[in-house]
**Student:** 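I have a structure here, written as C-alpha cells, and I will follow up with some questions on it.
Indexing begins at 1, ligand by ligand and atom by atom, following the structure's order. Keep in mind the model is a prediction, meaning the values are calculated, not measured.
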Amino acid sequence: MENYQKIINSIYSNLKNVTDTGKVADYIPELGNISPDNFGVNITTIDKKSFGVGDFNKKFSIQSISKILTLTLAYQLEGETLWKRVDVEPSGNPFNSLLQLEADLGIPRNPFINAGAIVVCDVLISHLQNPKDEFLAFCREISNNNELKYNEKVAQSEKKTGYRNIAMCNFIKSFGNIKNDIEDVLDFYFYTCSLEMTCQELSQIFLFLANDDFITQRGKRVLTMSQAKRINAILLTCGFYDESGEFAFRVGLPGKSGVGGGIVAIHPDEFCITVWSPKLNKKGNSYKGMLFLEQFTTATASSIF
Ligand code: GLU
C-alpha cells in the first residue's frame with residue numbers, strides 16, 4: 001500500500017502557504033463567519049485505515065456534499081422510478097441556476113445541482129414520516145457515528161436568505177414535479193445542507209461507494225452494486241457544478257464539492273478522501289481542495305483513468 005500519511009503530509013505542506021485566490025461563500029451569512037485558513041485532509045481506505053493532516057478533525061458545513069446522502073436514501077426507497085423525476089446529465093450551468101428548468105419542464109438535469117436535490121428532498125418527504133429525524137438516523141447508521149448533527153444556525157441562516165432556492169422550488173412545483181408543501185420541502189433541504197462533519201467523518205461515511213462489500217453495523221447493504229456504480233458515475237460527470245469536466249480532467253475521480261469548502265472524492269475499491277479549505281474558486285469549488293486532489297492523484301497514480 002502507498003504511504004498515504006507521508007504523501008498527504010508532503011502535499012499539505014507544499015500547499016499550506018500557496019496564495020489562495022478563492023473567496024469564502026458568504027451568500028449564506030453564517031458560512032461567512034468561518035476562518036478561511038482552515039485546511040484539513042483525511043483519507044480512509046476500504047479496510048478502514050485512516051490518515052489525516054491539518055484540521056481534519058474540525059466540523060464544518062458539508063452543504064452540497066449532503067446531496068449524495070439524500071440521493072442514496074431516495075434511491076434506496078424509490079428505486080429506478082426516481083429517474084423519472086430527475087435526470088442524470090451534466091448541467092454545464094451554475095449550481096443554483098434556474099435557466100434549464102424552463103426548457104426541461106421542471107425536470108432537473110441531475111441530483112447534484114440545487115434543483116435536483118430539492119426534488120430528491122420532495123421524494124424523501126413522500127416516503128418518510130419524520131424526514132429530518134429519519135435522514136439523520138440514516139446518516140448515523142451508514143457511518144456508525146451517532147455524533148452527526150445538523151447545524152441549527154446554518155440551517156436558519158440559509159432559510160432566511162435562500163431566495164433562489166425558494167424561487168426554484170416554486171418554479172418546479174409549477175410543473176408538477178414537487179408533490180409536497182413548498183415550505184416542508186425547503187425546510188428539509190436547508191437542514192440537509194447544514195449537516196456538519198469533519199474530514200475524517202466524511203471520508204468514512206462514503207465508504208459504501210468505494211467498497212462493493214460494504215455492510216452497516218447492523219449487517220445491511222446500503223445500495224446494490226449497480227446502484228453504487230450509478231451514483232459514482234453521476235458524481236464523476238456532475239459532482240462539481242459547471243466544473244465537473246475540469247475535475248475529471250485534473251483529478252480523475254468521482255467526487256462532490258460543497259460551498260462550505262469541502263470536497264470528497266472516491267476511488268472505487270480503494271479509498272475515500274476529503275479535503276476542506278473554505279475559499280472557493282469562481283465556480284464554487286474549494287480552490288485548495290482542487291489543487292490538493294490533483295497533486296494527490298498524480299503522486300499516487302490513483303486517477304481511475
Ligand atoms: N445550501 C447551499 C445552497 O443551496 C448548497 C450549495 C452547494 O454547496 O453547492 O445554496
**Student:** Partners of Asn96 by side chain to side chain donor-acceptor pair (under 3.5 Å), sequence neighbours excluded?
**Tutor:**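 Residues passing side chain to side chain donor-acceptor pair (under 3.5 Å) with Asn96: none at all.
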**Student:** Is the backbone N or O of Asn285 less than 3.5 Å from a side-chain atom of Asn281, with the two atoms forming a donor-acceptor pair by type?
**Tutor:**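 Yes, Asn281 side chain to Asn285 backbone: donor-acceptor pair under 3.5 Å.
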**Student:** I need the contact residues for ligand 1: any residue with a non-hydrogen atom closer than 4.0 Å to the ligand, ordered by chain then number.
**Tutor:**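 These residues qualify: Tyr27, Ile28, Gln63, Ser64, Lys67, Phe95, Asn114, Glu158, Asn165, Tyr189, Cys193, Tyr241, Gly258, Val259.
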**Student:** Tell me whether the NZ or CZ atom of Lys132 lies within the 45° cone about the ring axis of Tyr191 and under 6.0 Å from its centre.
**Tutor:**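 Checked: cation-pi criterion met.
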**Student:** Is it true that, when you exclude Lys6 itself, more than 12 heavy atoms of the residues, nucleotides or ligands shown sit nearer than 6.0 Å to its NZ?
**Tutor:**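 Not buried by this count: 12 neighbours or fewer within 6.0 Å.
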**Student:** Could I get the full list of side chain to side chain contact (heavy atoms under 4.5 Å, CB included) partners for Asp212, not counting sequence neighbours?
**Tutor:**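 For Asp212, the residues satisfying side chain to side chain contact (heavy atoms under 4.5 Å, CB included) (neighbours in sequence not counted) are Met225, Asp269.
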**Student:** Show me the pairs that pass side-chain hydrogen bond (donor to acceptor under 3.5 Å, both in side chains) and involve residues 54-68, at least two apart or across chains.
**Tutor:**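 For residues 54-68, and leaving out neighbouring residues, the side-chain hydrogen bond (donor to acceptor under 3.5 Å, both in side chains) pairs sorted by first residue read Asn38-Lys58, Lys59-Glu201, Ser61-Gln63, Ser64-Lys67, Lys67-Asn114, Lys67-Tyr189.
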